[in-house]
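These notes are about the structure you will find just below.
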Amino acid sequence: MGARRWARLCLLLLAALTLWVLLCGHHRAAQGPRTPSLLQQEPPPLEPGGVSRDAGSHGLSREGSVRRRVPSKYSSEPSKGEPTKEQAGRCPQSLVSTVKADPRFGKLFRFRIPVLMWEQHFTPDTWDRLKERSVPYGWQGLAYTAIASAVLLLNATANSWLVDRGAFPAGCVRCAVVGNGGILNGSRQGKEIDAHDFVFRLNGAVIKGFEEDVGTKTSFYGFTVNTMKNSLIAYREYGFTQIPQAKDLCYIFIPSDMRDYVMLKSAILGSPVQEGYDKGDDPRTYFGPEASAKKFKLLHPDFMHYLTARFLRSEIMNTQYGYLYMPSTGAIMLLTALHTCDQVSAYGFITDNYRKFSDHYYEREKKPLVFYANHDMLLEAELWKSLHRAGIMKLYQR
């Protein structure tokens with residue numbers, strides 16, 4: 001009971017902080033013109049220099065020697081799991097083709113941006129550049145040895161891509177991203193969700209007892225260490241007692257702070273966390289006893305920077321609490337899928353009529369959606385609606 005009361009107290013304090021941020025934002029808006037929507041203009045970079053031109057390069061040739069960077073605004077060669085024009089041609093209904101034909105989103109999407117960080121991306125140039133950006137967009141204030149000791153363990157080809165396109169030589173890769181919104185309660189979307197090739201879930205993904213509504217299949221589980229641990233505390237009473245575990249399931253680490261790199265290192269090595277906030281934790285408790293390096297994926301800080309700058313640049317960033325802001329876990333997972341799969345369907349995400357539903361689908365009593373200071377859920381809702389209208393993804397609504 002103590003842990004539950006503490007979690008609820010934290011939620012109340014964060015809600016109060018959110019109200020203060022919103023009041024500050026309204027006051028600021030009254031003093032000057034509103035910042036144009038990200039969907040209406042090409043946004044400036046979050047940091048000077050924006051996304052590095054070498055961000056997508058693996059850095060090594062097949063022979064293992066250092067290769068020359070190709071002068072490109074975002075990257076040189078796409079990674080194995082990235083949609084390309086050739087792959088879009090094999091999938092006539094690919095979202096890549098739809099994006100390229102759209103006058104707004106065609107300017108925002110950059111499919112050559114690297115989604116994942118792995119060993120071959122960890123170069124001296126990358127370190128020098130990213131150490132100037134704060135997390136989750138870089139490594140400012142983080143120790144080189146701590147970052148290197150984690151990233152260099154991601155040294156298998158499987159760490160560089162989410163989807164092995166070799167398994168889909170002549171077909172479209174269909175992905176479902178399942179949020180935890182109350183709209184899914186009674187939706188009976190389980191079979192449709194499980195029919196996708198890959199299913200992304202996140203945070204407090206309760207399945208038992210809700211199979212008809214949310215399905216049972218999980219291919220990727222996305223989280224920060226903070227959101228994972230908070231979910232295990234806050235949603236334990238609803239049945240979320242452990243994160244999903246399965247032989248073919250992969251874990252997507254969102255690099256929100258040092259905790260994620262430290263936990264990632266320990267998870268790959270299969271040893272207790274040796275330092276920091278989570279010291280003493282056994283990662284096998286979360287990821288299972290047989291977790292291997294290929295099961296772990298780490299989102300690239302450049303990808304985080306790109307998502308925020310181009311798709312979800314919130315006005316919260318212009319307030320004194322802007323340092324708290326980052327896209328929600330659900331938004332990051334959905335945008336990750338949109339840069340990985342040929343067709344994407346989103347379930348359990350915020351829609352215009354969100355007030356009709358509880359915050360989460362597994363709550364026994366209806367609870368209103370709470371807007372926290374570190375996310376901009378209404379901005380995210382506008383993005384999902386726009387992507388749905390453009391035919392780039394399918395948003396479940398009711």
Side-chain angles (χ1 to χ4, degrees), residues 3 6-7 10 114-124 126-156 158-160 162 202-204 220-234 242-245 249-305 323-329 332-333 336 374:
W6 174 248
C10 289
V115 174
L116 300 178
M117 165 65 71
W118 70 306
E119 180 213 21
Q120 293 192 36
H121 282 167
F122 193 72
T123 66
T126 300
W127 168 258
D128 288 340
R129 177 170 52 80
L130 293 184
K131 72 179 182 180
E132 301 301 321
R133 289 197 207 138
S134 59
V135 288
Y137 315 112
W139 298 323
Q140 188 178 75
L142 306 185
Y144 175 90
T145 54
I147 300 299
S149 63
V151 174
L152 294 179
L153 291 174
L154 298 170
N155 54 16
N159 299 129
S160 69
L162 287 176
L202 53 118
N203 293 345
F220 300 103
Y221 176 77
F223 61 99
T224 70
V225 171
N226 186 59
T227 63
M228 177 187 72
K229 286 196 161 189
N230 284 347
S231 295
L232 287 168
I233 296 172
Q242 70 173 40
I243 69 173
Q245 295 181 9
L249 187 154
C250 292
Y251 299 101
I252 303 177
F253 275 76
I254 300 172
S256 66
D257 60 29
M258 179 56 78
R259 294 177 68 186
D260 300 292
Y261 292 98
V262 172
M263 180 65 76
L264 174 61
K265 173 186 174 181
S266 295
I268 294 173
L269 296 176
S271 60
V273 177
Q274 298 296 316
E275 59 182 318
Y277 189 87
D278 305 294
K279 185 177 181 179
D281 265 14
D282 186 348
R284 294 174 295 183
T285 302
Y286 309 113
F287 311 114
E290 299 179 358
S292 61
K294 67 181 181 180
K295 289 181 71 72
F296 299 104
K297 319 288 184 177
L298 174 66
L299 292 185
H300 201 302
D302 276 337
F303 185 63
M304 297 292 296
H305 178 280
Y323 68 94
L324 293 171
Y325 174 76
M326 65 181 288
S328 69
T329 307
I332 294 169
M333 285 299 98
T336 297
N374 56 334

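A distance of 13.5 Å separates CG in N155 from CZ in F122, rounded to the nearest 0.5 Å. For the atom pair L299 CG and T336 OG1, the distance stands at 4.5 Å (nearest 0.5 Å). Taken from CD in Q242 to OG1 in T285, the straight-line distance is 10.0 Å, to the nearest 0.5 Å. Here the straight-line distance linking atom CD1 of I254 with atom CG of L202 works out to 8.0 Å at 0.5 Å rounding. Between the NE2 atom in H300 and the OH atom in Y137 there is a gap of 15.5 Å [rounded to 0.5 Å].
In terms of heavy atoms, P301 sits closest to G138 at CB-N, 3.9 Å. Summarising the geometry of M333 relative to G222, their closest heavy-atom pair is SD-CA, 3.6 Å, with the distance given to 0.1 Å. The minimum heavy-atom distance between W127 and A143, with the atom names listed, is CH2-C, 4.1 Å. Counting all heavy atoms, side chain and backbone alike, S266 lies closest to P283 at O-CG, 3.5 Å.
Looking at heavy atoms from C-beta onward, D278 lies in side-chain contact with K229 at the 4.5 angstrom threshold. With contacts defined as side-chain heavy-atom distances shorter than 4.5 Å, the pair F296/M263 does not qualify. Within the 4.5 Å cutoff, no side-chain heavy atoms of V225 are placed close to those of M258. You'll find the side chain of V262 stays beyond 4.5 Å of the side chain of Y277, heavy atoms only. When side chains are defined from C-beta on, L298 counts as touching P255, because their heavy atoms get closer than 4.5 Å.
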Residues L154, L264; criterion side-chain contact (heavy atoms from CB on, under 4.5 Å); working and verdict: CA-CA 10 Å; L154 298 170; L264 174 61; 4.0 Å; yes
V135 and M304: CA distance, side-chain angles, deciding distance, side-chain contact (heavy atoms from CB on, under 4.5 Å) verdict: CA-CA 9 Å; V135 288; M304 297 292 296; over 6 Å; no
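With sequence neighbours left out, L153 forms a side chain to side chain contact (heavy atoms under 4.5 Å, CB included) with K265, I268, L269. In terms of the side chain to side chain donor-acceptor pair (under 3.5 Å) criterion, residue partners of S256 (sequence neighbours excluded) are, by chain and number, D260.
When atom types are taken as modelled, the side chain of Q274 and the backbone of P272 share a donor-acceptor pair closer than 3.5 angstrom. At least one donor-acceptor pair closer than 3.5 Å links the side chain of H121 to the backbone N or O of L116. Side-chain atoms of N159 come within 3.5 Å of backbone N or O of A293 as a donor-acceptor pair. Checking side-chain atoms of T227 against main-chain N and O of N203 turns up no donor-acceptor pair under 3.5 Å. A donor-acceptor contact shorter than 3.5 Å is absent between the side chain of N374 and the backbone of M326. Of the possible polar contacts, one joining the K295 side chain to the L249 backbone as a donor-acceptor pair under 3.5 Å is found.
The side-chain hydrogen bond (donor to acceptor under 3.5 Å, both in side chains) contacts involving residues 139-154 comprise W139-Y261, where partners must be two or more places apart or lie in separate chains.
No close placement of the Y286 and Y251 rings is indicated, their centers lying 6.0 Å or farther apart.
Residue K294 places its NZ atom among 12 or fewer non-hydrogen atoms of other residues, nucleotides or ligands, all under 6.0 Å distant.
In this structure, D257 does not pair ionically with R259, as no charged nitrogen and carboxylate oxygen lie closer than 4.0 Å.
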